[in-house]
Amino acid sequence: EIPFPTFRLGEIYLNFIEAVLECKIRGVNIPANYYTKAMEVWQELRARVALPSITESYPHADDNELLDLCRKERRVELACSGFVTSLTIV
């Protein structure tokens, strides 16, 4: 029996969103459509539980605030999945 790591699609999407936001904040060059794609993916994640898009919920959030929101959303996404994250829940 070979053990395989378990990844949830929501976790993968949130990792992508976080990476894009980190790059944008730090001035790292990424393909032009990555930010747009990250916001689209985030909207899809929230739509599946009938939540408005993150930019609708927080229209004045800057990239740093969006990064914090992404990390909070990951904690919620994985809270009941038996996953342990390295992030401290405050």
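- With hydrogens and angles disregarded, no donor-acceptor distance shorter than 3.5 Å links the side chain of Arg74 to the backbone of Glu18.
- For the side-chain hydrogen bond (donor to acceptor under 3.5 Å, both in side chains) condition, no pair includes a residue of residues 27-37, sequence neighbours left out.
- Across all their heavy atoms, Ile54 and Glu73 have their closest contact at CD1-OE1, 3.8 Å.
- To the nearest 0.5 Å, atom CD1 of residue Ile17 and atom CE of residue Met39 are 6.5 Å apart.
- Note on Leu14 and Ile30: same hydrophobic cluster, where clusters join Ile, Leu, Val, Met, Phe, Trp and Tyr whose side-chain heavy atoms are under 4.5 Å apart, directly or indirectly.
- Contacts of Leu9 classified as side chain to side chain contact (heavy atoms under 4.5 Å, CB included), with partners at least two apart in sequence or in another chain: Tyr13.
- The hydrophobic cluster containing Val49 also includes Leu51, under a criterion of side-chain heavy atoms closer than 4.5 Å among ILVMFWY residues, counted directly or through chains of members.
- Every residue two or more places apart in sequence or in another chain was checked for a ring pair (Phe, Tyr, Trp, His ring centres under 6.0 Å) with Tyr58, and none qualifies.
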What donor-acceptor contacts under 3.5 angstrom involve side-chain atoms of residues 61-70, with partners at least two apart or in another chain?
residue : atom : partner : partner atom : Å
Asp62   : OD1  : Asn64   : N            : 3.1
Asp62   : OD1  : Glu65   : N            : 2.8
Asp63   : OD1  : Lys24   : NZ           : 3.4
Asp63   : OD2  : Lys24   : NZ           : 3.0
Glu65   : OE1  : Asp62   : N            : 2.8

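- Minimum heavy-atom separation, Leu45 to Gly10: CD2-CA, 3.7 Å.
- Listed by chain and number, the residues in a salt bridge (Lys or Arg N to Asp or Glu O under 4.0 Å) with Glu44 amount to none (sequence neighbours excluded).
- Taking all atoms of both residues into account, the shortest heavy-atom contact from Arg46 to Pro52 is NE-O, 2.6 Å.
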